[in-house]
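For this chain, numbers begin at 1 and follow the sequence in order.
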Amino acid sequence: MKKMFAVLLSASFLAAPLMAATQASAQDHRRPAATQDHRRPAVGQDYRRPVIVEREVRVTKYKWNRGQRMSAAERRRMQDVRDYRRYRLSAPPRGYRWVRVDNDYLMISIAGNVISNIISGR
């Protein structure tokens with residue numbers, strides 16, 4: 001009796017994966033997998049599609065010259081450099097100040113906004 005029980009138990013362990021595989025393969029052939037409707041997104045997805053906008057980017061680089069007078073529009077883009085030692089710049093004389101434009105440092109006069117010195121790319 002023990003021998004018969006051991007044989008049946010081992011046969012059931014070996015037959016179980018085979019039965020599951022045949023059942024799964026039969027199910028695949030009988031009915032194709034449900035396809036998702038492309039008109040409606042799945043649960044948790046957004047209804048809106050991403051919009052890609054391509055823009056043309058133009059970068060205007062100014063070429064600064066000594067003696068050039070700066071307009072008010074150009075002056076608005078500039079930052080005053082208060083700690084000039086931090087950027088290894090010399091102290092400006094009385095009536096002048098350092099300003100930073102992009103990566104250029106300009107020494108301009110306070111009264112007339114005339115460029116007196118240019119240091120680029122520090």
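- Side-chain contact check for Asp104 versus Ile119: every heavy-atom pair is 4.5 Å or farther apart.
- Between the Ser116 side chain and the Met107 main chain, a donor and an acceptor come within less than 3.5 Å of each other.
- Between Arg77 atom CZ and Ser71 atom OG the span is 9.5 Å, to the nearest 0.5 Å.
- A 4.5 Å side-chain heavy-atom check between Tyr84 and Arg97 finds every atom pair outside the cut-off.
- Qualifying salt bridge (charged side-chain N to carboxylate O under 4.0 Å, His left out) partners for Arg69, counting only residues two or more places apart in sequence or in other chains: none.
- Leu106 pairs with exactly one of Ile118, Asn113, Val81 by the side-chain contact (heavy atoms from CB on, under 4.5 Å) rule, that one being Ile118.
- No side-chain heavy atom of Gln68 sits under 4.5 Å from any side-chain heavy atom of Lys63.
- Between the Arg100 side chain and the Asp102 main chain, a donor and an acceptor come within less than 3.5 Å of each other.
- At least one donor-acceptor pair under 3.5 Å links the side chain of Ser109 to the backbone N or O of Val114.
- Screening Arg75, Met78, Gln79 for a side-chain contact (heavy atoms from CB on, under 4.5 Å) involving Val101 leaves a single residue, Met78.
- Between the side chain of Trp98 and the main chain of Ile108, no donor-acceptor pair closer than 3.5 Å is present.
- The heavy-atom pair separating Leu89 from Tyr105 by the smallest distance is CD1-CD2, 3.8 Å.
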